[in-house]
2 protein chains.
Amino acid sequence: MPEKTNNTKYNYGEKIRTIREKKQMTLKEVALKAEVSESLVSQIERNKVSPAIDTLLRLADVLEIDLEYLFQDYKKKKKINLVKAGERNKIINQGILYEQLSKTIDDDKEHAIEAYYLEIAPDMEKGSKEYGHRGRELGIIIEGKGEFIIGGEKFDLEKGDSISFESDVPHILRNKGQKTLKAYWMVTPPKKAFGN
Amino acid sequence: MPEKTNNTKYNYGEKIRTIREKKQMTLKEVALKAEVSESLVSQIERNKVSPAIDTLLRLADVLEIDLEYLFQDYKKKKKINLVKAGERNKIINQGILYEQLSKTIDDDKEHAIEAYYLEIAPDMEKGSKEYGHRGRELGIIIEGKGEFIIGGEKFDLEKGDSISFESDVPHILRNKGQKTLKAYWMVTPPKKAFGN
DNA sequence: ATATATATTAAAGTAACTTAAGTATTACTA
DNA sequence: TAGTAATACTTAAGTTACTTTAATATATAT
């Protein structure tokens, strides 16, 4: 009869144990600081239980790690990702041209930077309705005149201007000129970095 | 007698409820997809319980949010950072011109993207000096011809090419043309380290 | 008013968590 | 070479609390 184990996917138990051992701390020591029982830490590290989030937060605090670390995929390969100018993947969505500057590998979006070259026709706009996506965006205007509205503020953007902001604040980029608005646009980290 | 509530610090319950309502999903719908009871979701959203991490992961998945979002501090100011074309901070270092595309605010290491406009004179090169710099970089060639050497591989770069890679792999960008090599360059700062 | 849908509450269940005892390893002493 | 003690970790049983089932409330609509 097989033993019960949880979360083979992330295996955060082993990660916790590894970190604890690197720090040369004992179960007792960690348990004491986290104000939980020594036994519980042992069980968590061996994936015997699915701890309460409060418990996990306390352990992460004691071990000085981000929760994110425990749930990130380690299949990540340090791939070098070259996209030639003529081979950009192009997407047209609602009157806006997106050219991908980093390849999207099929089964994942593991790029720490998602980058696009954008073309927005006159009077068209690019909006966002992302909730809870922690991250930051940065745009660089290459050509044309734009209007950027974010969190009640309005900015006029011209060639060479660059703007960066938190992704989860609703924002709109609108072409206010006569010509096509061209820009580079970057998002980091990509959406859905972990937790799926 | 005051009601029992957990996690006043992060208040992820309210966040979950807010996101669910924005997505116009019902408790039942979320519960069904996450394979937990409707009742439990209700209790979690009102901070009545400290859910198991597995439960929380399922909810995050259904709502398409990062766990991290639920536990980030909201004291962070979501600063909007506009740099006008003519007002870029310029740095010249070893024959290379760097123009900052995002302002560096003193106490703030929170910029997820550090961006530069680069100009490299013929035969000059830009190397990576910093070791253990975790994170990712992305470059876009605007003009000129370059040679990019990373981890034993060599790439020829031309106008419009973009390349991204892990920062901690030693790399060199060299101008191999007759004209000035122009590029945009982006760096994501490292996350909180662990164990070292 | 009846029905339907959404959210909360109460109870019973099950699993996380604690306490306490157990094993194993290491170290010290005779 | 034991023999004892101390340390680190695991296991077992009891307690707490998360989770579910089912009932109740509340609003909206037919």
Side-chain angles (χ1 to χ4, degrees), chain A residues 1-65 67 70-71 131-132 195, chain B residues 1-65 67 70-71 195:
Chain A
M1 187 165 159
E3 290 216 357
K4 172 190 166 191
T5 53
N6 292 325
N7 287 289
T8 50
K9 182 175 180 188
Y10 295 114
N11 212 356
Y12 52 83
E14 276 188 19
K15 288 183 188 174
I16 291 175
R17 173 150 293 187
T18 302
I19 294 162
R20 177 174 64 79
E21 286 172 345
K22 276 188 182 171
K23 286 181 171 277
Q24 302 195 43
M25 298 175 76
T26 66
L27 285 176
K28 193 176 188 176
E29 195 178 349
V30 170
L32 203 69
K33 288 187 180 177
E35 295 181 303
V36 294
S37 71
E38 188 182 346
S39 169
L40 179 57
V41 181
S42 170
Q43 294 175 65
I44 291 171
E45 289 185 351
R46 287 173 298 124
N47 299 312
K48 297 292 183 186
V49 295
S50 169
I53 181 61
D54 282 7
T55 305
L56 207 51
L57 285 170
R58 287 205 205 99
L59 288 178
D61 190 34
V62 169
L63 296 172
E64 298 177 302
I65 55 170
L67 262 200
L70 296 178
F71 299 101
Y131 308 113
Chain B
M1 190 166 161
E3 291 215 357
K4 172 191 166 190
T5 53
N6 292 324
N7 288 290
T8 51
K9 183 177 178 188
Y10 294 114
N11 211 358
Y12 52 84
E14 277 188 20
K15 289 182 189 174
I16 291 175
R17 171 149 294 188
T18 302
I19 293 162
R20 178 175 63 81
E21 286 171 344
K22 279 186 180 171
K23 287 182 171 277
Q24 303 195 46
M25 297 175 78
T26 65
L27 285 176
K28 192 176 189 175
E29 195 178 350
V30 170
L32 204 68
K33 288 187 179 176
E35 296 181 304
V36 295
S37 69
E38 187 182 348
S39 168
L40 180 58
V41 182
S42 170
Q43 293 175 68
I44 291 171
E45 288 186 351
R46 287 173 298 123
N47 300 311
K48 298 292 184 186
V49 295
S50 169
I53 181 62
D54 282 7
T55 305
L56 209 50
L57 286 170
R58 288 203 205 101
L59 289 178
D61 188 34
V62 169
L63 296 173
E64 297 179 300
I65 55 171
L67 258 202
L70 298 177
F71 300 102

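Only a predicted model underlies this, so the values are computations on that prediction, with no experimental measurement involved.
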Could you state the interatomic distance from [atom1] ([X]) to [atom2] ([Y]), rounded to the nearest 0.5 Å?
{"X": "L59(A)", "Y": "L40(A)", "atom1": "CG", "atom2": "CG", "result": "7.5 Å"}
{"X": "L70(A)", "Y": "I53(B)", "atom1": "CG", "atom2": "CD1", "result": "8.5 Å"}
{"X": "R17(A)", "Y": "E45(A)", "atom1": "CZ", "atom2": "CD", "result": "4.0 Å"}
{"X": "Y12(A)", "Y": "L57(B)", "atom1": "OH", "atom2": "CG", "result": "7.5 Å"}

Quick one: [X] [atom1] to [N] [atom2], roughly how many Å, whole number?
{"X": "Q43(A)", "N": "dT11(D)", "atom1": "CD", "atom2": "P", "result": "9 Å"}
{"X": "E45(A)", "N": "dA16(C)", "atom1": "CD", "atom2": "C1'", "result": "16 Å"}
{"X": "E29(B)", "N": "dA7(C)", "atom1": "CD", "atom2": "C1'", "result": "15 Å"}
{"X": "N47(B)", "N": "dT9(C)", "atom1": "CG", "atom2": "P", "result": "13 Å"}
{"X": "R17(A)", "N": "dA8(D)", "atom1": "CZ", "atom2": "P", "result": "13 Å"}
{"X": "K28(B)", "N": "dT4(C)", "atom1": "NZ", "atom2": "P", "result": "12 Å"}
{"X": "L40(A)", "N": "dA20(C)", "atom1": "CG", "atom2": "C1'", "result": "15 Å"}
{"X": "I44(B)", "N": "dC18(D)", "atom1": "CD1", "atom2": "P", "result": "10 Å"}

**Sugar-phosphate only, base, or nothing, as touched by S37(A) at under 4.0 Å among non-hydrogen atoms** = base

**Message:** Any N or O donor-acceptor pair under 3.5 Å from the base of dT8(C) to the side chain of S39(B)?
**Reply:** no

**Prompt:** So which nucleotide from dA7(C), dT19(D), dT20(D) ends up closest to the side chain of V36(B)?
**Reply:** dT20(D)

**Prompt:** From dT19(D), dC17(C), dC9(D), pick the nucleotide closest to the side chain of V49(B)?
**Reply:** dT19(D)

Can you check whether [X] has a side-chain N or O nearer than 4.0 Å to OP1 or OP2 of [N]?
{"X": "R46(A)", "N": "dT11(D)", "answer": "yes"}
{"X": "S42(A)", "N": "dT11(D)", "answer": "no"}
{"X": "R20(A)", "N": "dC9(D)", "answer": "yes"}

**Asked** Does any donor atom in the side chain of S42(A) or E38(A) lie under 3.5 Å from an acceptor atom in the other side chain?
**Response** no

**For K33(A), the option from K28(A), R58(A), M25(A) that meets side-chain contact (heavy atoms from CB on, under 4.5 Å)** = M25(A)

**Prompt:** Heavy-atom count around E21(A) CD within 6.0 Å, excluding the residue itself: above 12?
**Reply:** yes

**Angle by which the axis turns from one end of the helix from dA1(C)-dT30(D) to dA12(C)-dT19(D) to the other, five pairs per end, to 10 degrees** = 10°

